Undergrad: 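The structure is given below, and queries will be raised subsequently.
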Amino acid sequence: MKRPILIHPDPRLKKVCKPVADISDELRVLADDMLETMYDAPGIGLAAPQIGILDRLIVLDCVKEEGAAPQPLVMFNPEILASSDDLNVYEEGCLSIPDQYAEIERPREVRVGWLDRDGNPQEQGFDGLWATCVQHEIDHLEGKLFIDYLKPLRRQMITRKMQKLKREKARA
Ligand SMILES: [Zn+2]
C-alpha cells in the first residue's frame, strides 16, 4: 500500500528516530509499503520519517539503468561503520523536498551495518550513488535533510518554496 510522503517543513522530519527493537510482520509490511511508495514516486531511497513513522528504517534501490533488475534494500537500524576520507559530490534531491536539487559533498565510500527484514545482521560497503543515497537516508533518521548542508540563505529560499507549495496543495 502506498503511503503519503511528508513535505518539508514538517516537525516529524526533524526528529531523531528510535531504534527498532524486534522486526515484526507489521514492520515488514511497513518496509514493503515504503518500497512501493519509493518506486511509485519515483525515487531511489525513502526513510520511515518521510511517511511520518519515527522508526530507524530506510529502503533504497539505486539501480537506474532501464530494464536492469531491481535491487531493493531494506535496512533496519542502519549505521555507518566507516567512511572514506575521499569525498564525492552528487546533485541530491529528496522526495520530501520536491523539484529542488543541490550539489552535496559526502564521503565517497561508506561501510554500513544493519538488520535485514529477517532480523539478520548485514554489513556491506557502498560507493558511487549508493554511498550518497544511503548516507542521505540515514541522515533522515537523525532529523537531518540535505538542505541542512547548504548555506542558510539557500536553505531558507528552498523552505519558502516548499511552504508555498504546501499552501497551494492545501487549497487544491
Ligand atoms: Zn530525502
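Along the sequence shown, the residues carry numbers beginning at 1. No experiment lies behind these values; they were computed from the predicted model shown. Indexing begins at 1, ligand by ligand and atom by atom, following the structure's order.
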Undergrad: Any idea which heavy atoms bring Leu35 and Pro72 closest together, and the distance?
TA: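 Reported closest heavy-atom pair: CD2-CB, 3.8 Å.
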Undergrad: With Gln135, which residues qualify under side chain to side chain donor-acceptor pair (under 3.5 Å), at least two apart?
TA: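 Partners of Gln135 by the side chain to side chain donor-acceptor pair (under 3.5 Å) criterion come out as none, since no residue qualifies.
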Undergrad: Under 2.8 Å from the Zn ion (ligand 1), which protein N, O or S atoms do you find? Ignore water molecules.
TA: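 Cys94 SG, His136 NE2, His140 NE2, with waters left out.
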Undergrad: Count I, L, V, M, F, W, Y as connected when their side-chain heavy atoms are under 4.5 Å apart, and connections chain through other members. Are Val59 and Ile53 then in the same cluster?
TA: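 Yes, same cluster.
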Undergrad: So which heavy atom on Leu95 is nearest to which on Ile7, and how close?
TA: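 Looking at all heavy atoms of both residues, the shortest contact is O-CD1, 3.9 Å.
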Undergrad: Would you say Val20 ends up clustered with Leu30 if hydrophobic residues are merged whenever their side chains have heavy atoms under 4.5 Å apart, either directly or through other cluster members?
TA: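 Leu30 clusters together with Val20.
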Undergrad: With a 4.0 Å cut-off on N to O distance, would you call Glu142 and Arg56 a salt bridge?
TA: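 Yes, this pair counts.
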